[in-house]
Structure formats: structure tokens, C-alpha cells
A.B. asks: 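This is the structure I want to talk about, given as C-alpha cells.
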Amino acid sequence: MSTPSLAGGMGAFSGFTRLCKGLAVVLIGGHIVVQFLPVTVTYLALIPARTIPFVWNLVTSGYIEQSVFGVVVSTLGLLFIGKLLEPVWGSREFLKFIFVVNFLTSICIFITAIALYYITRKETYLYMPLSGFHGVLSGFLVGIKQMIPDQELPLIKMKAKWLPSLSLLVSIAISFWTAESATYLPILIFGTYMSWIYLRYWQRKPETKLKGDPSEDFAFSSFFPEFLRSVIDPVASIFHRMLCGRSDASNESQGYTVGGTTLPGSDPIEASRRRERGARALEERLAAERLGAAKSTEELERDATENV
């Protein structure tokens with residue numbers, strides 16, 4: 001099977017899913033609301049000092065973009081990446097991923113802001129309005145890393161598995177020169193980590209009735225260069241046992257292993273099959289887009305010939 005490409009030519013601007021279009025309308029609508037009614041930011045964005053009693057901002061903040069740049073990037077990212085992930089995951093799982101990652105990211109930011117206030121006694125951490133869809137966008141990159149890790153990106157000649165790491169590295173570098181880094185960097189970091197937690201341990205596989213992706217290619221250390229993994233793995237294993245010990249026991253009781261023998265559908269076979277399904281779905285979609293683009297080109301040439 002040939003490796004699918006992430007470049008889609010003219011067809012890249014078509015084939016957006018209905019769910020992604022609907023979510024794009026929500027993002028654009030939320031941006032318009034906060035522009036014409038700035039007071040709504042107080043109720044919809046995450047302001048740690050006001051999260052209690054306005055607890056709904058743990059959910060709404062992820063869909064409110066306060067800047068034009070933010071809403072453009074989030075909308076385009078949702079449409080283009082969503083049409084790659086949603087056909088493979090399914091609409092229900094895709095929407096569940098967005099909701100869970102957004103909600104957990106908001107909780108982590110809330111806890112971090114409260115902790116920073118008690119450490120520094122700076123009220124800025126309590127009253128800074130935080131919002132944006134970019135936490136979920138960073139999670140989408142983790143999904144691409146899981147689905148097609150060895151796909152080479154056409155422009156920068158880099159494998160897709162490094163997209164989340166590159167995104168965080170660039171964001172951290174930019175943060176040294178921008179005063180607004182506190183409004184977006186924590187969302188990106190927690191969005192990346194929470195999406196990895198979800199895909200690694202919680203995402204259910206209907207075909208196997210198992211949860212998560214236990215493959216070594218998707219371990220936490222895979223986000224780091226090879227020479228750092230010997231340092232990262234021991235630390236990651238500590239948090240793994242603290243946070244996911246019950247999940248491991250559940251997976252083993254459901255059938256990941258029996259007497260030390262790996263069953264079909266588990267690591268690494270299940271991860272390989274999932275990547276193959278993702279690559280196949282992408283290949284079919286991109287083939288249809290190329291065919292549509294070719295037909296459009298032929299029609300344009302035919303019209304030009306007739307006009308001459």
C-alpha cells in the first residue's frame with residue numbers, strides 16, 4: 001500500500017466534514033459575540049478567580065477565540081486536520097476527543113493558575129481571561145502522530161510524528177519574545193499532554209473492546225529525541241504507575257495479555273492495524289480529491305478551448 005500524502009492540491013479545500021463545519025461556525029460565532037459584547041468574556045473565558053461559581057467556563061473557554069488570528073488559525077486547523085481524523089475515528093469519537101481534551105486542559109490550567117497565585121501572590125494569574133481552541137489543535141497533532149507517524153511532510157521534509165514536539169518547541173521559543181505567552185502556552189502544553197493521555201490510555205477500540213494505544217512508538221518518550229529517551233523513560237514510568245496503574249490492570253483483565261502472551265489486537269499488532277486503517281482512509285480521500293481536481297482542470301481547459 002502506498003503511503004498517503006498530506007498535500008491535497010486543489011482538492012485540499014474541499015471534503016470538509018459536516019461536524020467540522022458546525023464546530024467552525026461555533027468558533028466564528030463565539031469570536032463575533034466577544035467582539036461585539038466584550039462583557040461576555042467574563043462569563044465565557046476561563047478566569048480562575050471567577051470559575052466558581054461560573055464553572056461552565058471550564059467548557060466554554062475552549063471554544064472562544066478572542067483574536068482574529070486565533071479564530072482564523074483554529075478554524076482552518078479544525079477543518080483541514082478534522083477531515084483527516086474524523087473519517088478514521090468516527091464522528092462520535094472525534095467529538096468526544098474534542099470535549100474531553102478541552103475540558104481536561106481547562107481543569108489543568110485552572111489548577112496551575114491557582115498554584116501560581118499562591119506561590120507568587122500575583123493576582124494576574126487569577127484574573128487573566130484564558131480561552132482558545134488551540135489546546136485541541138495541539139491534540140489533533142498528537143492524533144496525526146499516532147495515525148501516520150512515518151508520513152513525511154512535503155514542505156519541511158520531516159516525519160509527522162514530530163509535529164506535536166515541533167509545535168511546542170516553536171511556541172516556547174516564541175514565548176520569549178511575546179508578552180502574551182501566558183495566554184496560549186499553557187493551553188498548548190496541557191492540550192498536547194491531555195490528548196496523549198486520552199489516546200494512550202482511554203480511547204476505546206470498538207473492534208477489540210480494549211482501551212488505549214500501548215505501542216512503544218506512542219510512548220511518552222517518543223515525543224523527545226532519541227538521546228533523551230533513556231532519561232525520560234524512568235521518569236515517565238513513575239507517573240505511569242501513579243496515574244494509570246488501574247488502567248493497566250483493567251486492560252490485562254480484558255485481554256491485552258494472558259500468561260505473558262500478547263493477544264491479537266493488542267500491542268504492537270493493534271497499533272499497526274490502526275495506522276494501516278488511517279493510512280488507507282487518507283489514501284482513499286486524497287485519491288478522490290485528486291480525481292476531483294483533475295476533472296476541474298479538464299473542465300477549465302475545455303472551457304478555455306471553446307472560448308478561443
Side-chain angles (χ1 to χ4, degrees), residues 23 26-78 98-142 164-198 220 223 235 239 242-243:
L23 290 172
V26 172
L27 294 178
I28 296 172
H31 174 71
I32 293 174
V33 168
V34 298
Q35 292 302 310
F36 285 94
L37 298 172
V39 69
T40 57
V41 173
T42 304
Y43 301 96
L44 299 178
L46 176 60
I47 302 178
R50 296 174 179 172
T51 298
I52 300 175
F54 301 156
V55 292
W56 58 80
N57 62 34
L58 291 172
V59 176
T60 58
S61 61
Y63 309 101
I64 300 298
E65 289 288 355
Q66 300 180 51
S67 68
V68 175
F69 176 77
V71 74
V72 170
V73 172
S74 294
T75 302
L76 293 178
L78 169 64
I98 292 175
F99 178 83
V100 171
V101 171
N102 172 50
F103 182 65
L104 292 179
T105 299
S106 296
I107 290 179
C108 290
I109 291 174
F110 172 75
I111 295 173
T112 302
I114 298 298
L116 289 174
Y117 166 72
Y118 280 107
I119 293 173
T120 65
R121 292 296 174 179
K122 293 183 179 180
E123 293 188 352
T124 305
Y125 294 114
L126 294 181
Y127 293 97
M128 180 183 298
L130 303 171
S131 66
F133 194 71
H134 37 288
V136 176
L137 286 185
S138 63
F140 286 165
L141 297 183
V142 178
S165 304
L166 178 63
S167 173
L168 287 181
L169 183 63
V170 171
S171 299
I172 292 172
I174 294 176
S175 69
F176 289 105
W177 288 276
T178 59
E180 298 82 11
S181 60
T183 63
Y184 69 85
L185 191 57
I187 298 177
L188 290 174
I189 293 174
F190 285 121
T192 300
Y193 187 66
M194 289 298 107
S195 61
W196 175 78
I197 288 288
Y198 178 82
F220 183 71
F223 288 82
V235 178
F239 288 94
M242 290 172 56
L243 300 175

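As a basis for the values below, the full set of heavy atoms in this structure was taken, side chains included, without hydrogen atoms, waters or symmetry mates.
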A.B. asks: Between Val100 and Met194, is there a side-chain heavy-atom distance shorter than 4.5 Å?
C.D. replies: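 No; the side chains remain at least 4.5 Å from each other.
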A.B. asks: List the steps, then state whether side chain to side chain contact (heavy atoms under 4.5 Å, CB included) holds for Ser74 with Leu137.
C.D. replies: CA-CA 7 Å; Ser74 294; Leu137 286 185; 4.0 Å; yes
A.B. asks: Do Tyr63 and Ile98 come within less than 4.5 Å of each other through their side chains, counting heavy atoms only?
C.D. replies: yes
A.B. asks: What I'd like to find out is whether the side chain of Ile47 reaches to under 4.5 Å of the side chain of Leu126, using heavy atoms alone.
C.D. replies: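 When only atoms from C-beta onward are counted, Leu126 and Ile47 do not touch, as no gap falls below 4.5 Å.
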A.B. asks: Tell me whether the count of non-hydrogen atoms from other residues, nucleotides or ligands lying under 6.0 Å of CZ in Phe54 goes above 12.
C.D. replies: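 Atom CZ in Phe54 is crowded, with more than 12 foreign heavy atoms closer than 6.0 Å.
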A.B. asks: Can you say whether the rings of His134 and Tyr184 are parallel (under 30°), tilted (30 to 60°) or perpendicular (over 60°)?
C.D. replies: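 The rings of His134 and Tyr184 stand perpendicular, inter-plane angle above 60°.
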A.B. asks: Please check if the side chain of Ser167 supplies one atom and the backbone of Pro164 the other of a donor-acceptor pair under 3.5 Å.
C.D. replies: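 No; judged by distance alone, with no hydrogens or angles, the pair does not exist.
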A.B. asks: Taking all heavy atoms of Tyr43 and all of Thr60, pick out the closest pair and write down the distance.
C.D. replies: O-OG1, 4.3 Å
A.B. asks: Work out which heavy atom in Gln66 is nearest to a heavy atom in Ala45; give both atom names and the distance.
C.D. replies: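 For Gln66 and Ala45, the tightest heavy-atom pair comes out as NE2-CB, 4.3 Å.
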A.B. asks: Rounded to the nearest 0.5 Å, what separation is found between the CD1 atom of Ile189 and the OG1 atom of Thr112?
C.D. replies: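 Nearest 0.5 Å value for the CD1-OG1 distance: 9.5 Å.
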A.B. asks: Would you give the length of the straight line joining atom OH of Tyr127 to atom OG1 of Thr42, rounded to the nearest 0.5 angstrom?
C.D. replies: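 These two atoms lie 12.0 Å from each other.
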A.B. asks: Could you check whether Arg121 makes a cation-pi contact with Tyr118, meaning its NZ or CZ is under 6.0 Å from the centre of the six-membered ring and within 45° of the ring axis?
C.D. replies: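 That pair does not qualify as a cation-pi contact.
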A.B. asks: If you round to the nearest 0.5 Å, how far is CD1 of Ile64 from CG of Leu130?
C.D. replies: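 It comes to 13.5 Å.
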A.B. asks: Compare every heavy atom of Asn57 with every heavy atom of Leu46, then report the nearest pair and how far apart it is.
C.D. replies: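 So the two residues come closest at CD1-OD1, 3.4 Å.
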A.B. asks: Looking only at heavy atoms, which two atoms of Ile187 and Gly132 are closest? And how far apart?
C.D. replies: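 Distance-wise, the nearest heavy atoms are CG2-O, 4.5 Å.
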A.B. asks: So which atom in Phe110 and which in Pro48 form the shortest heavy-atom distance, rounded to 0.1 Å?
C.D. replies: CE1-O, 3.4 Å
A.B. asks: Could you tell me whether the side chain of Ser138 and the main chain of Gly135 form a donor-acceptor pair under 3.5 Å?
C.D. replies: yes
A.B. asks: How many angstroms lie between CH2 in Trp56 and CG in Leu44, if you round to the nearest 0.5 Å?
C.D. replies: 9.0 Å
A.B. asks: If you compare all heavy atoms of Leu27 against all heavy atoms of Val71, which two are closest, and at what distance to 0.1 Å?
C.D. replies: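 It is O-CG2, 3.7 Å.
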A.B. asks: Say whether, by atom type as modelled, one donor and one acceptor occur between the side chain of Thr75 and the main chain of Val72 under 3.5 angstrom.
C.D. replies: no
A.B. asks: Got a donor-acceptor contact below 3.5 angstrom from the Ser165 side chain to the Phe223 backbone?
C.D. replies: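 Checking the backbone N and O of Phe223 against the side chain of Ser165, a donor-acceptor pair under 3.5 Å is found.
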A.B. asks: So, taking the atom named CD1 in Ile32 and the one named CG in Leu37, what distance separates them when rounded to the nearest 0.5 Å?
C.D. replies: 11.5 Å
A.B. asks: So, for Trp196 and Tyr198, is the gap between ring centers shorter than 6.0 Å?
C.D. replies: no
A.B. asks: Using modelled atom types and a 3.5 Å cut-off, is there a donor and acceptor pairing between side-chain atoms of Glu65 and backbone atoms of Ser131?
C.D. replies: no
A.B. asks: State, yes or no, whether a side-chain contact exists between Phe140 and Leu78 at a heavy-atom distance under 4.5 Å.
C.D. replies: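 In short, these two side chains touch, coming nearer than 4.5 Å.
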A.B. asks: Is any side-chain heavy atom of Leu141 closer than 4.5 Å to a side-chain heavy atom of Thr192?
C.D. replies: no
A.B. asks: Measure the spacing between CG of Leu104 and CZ of Phe99 and express it to the nearest 0.5 Å.
C.D. replies: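 It comes to 9.0 Å.
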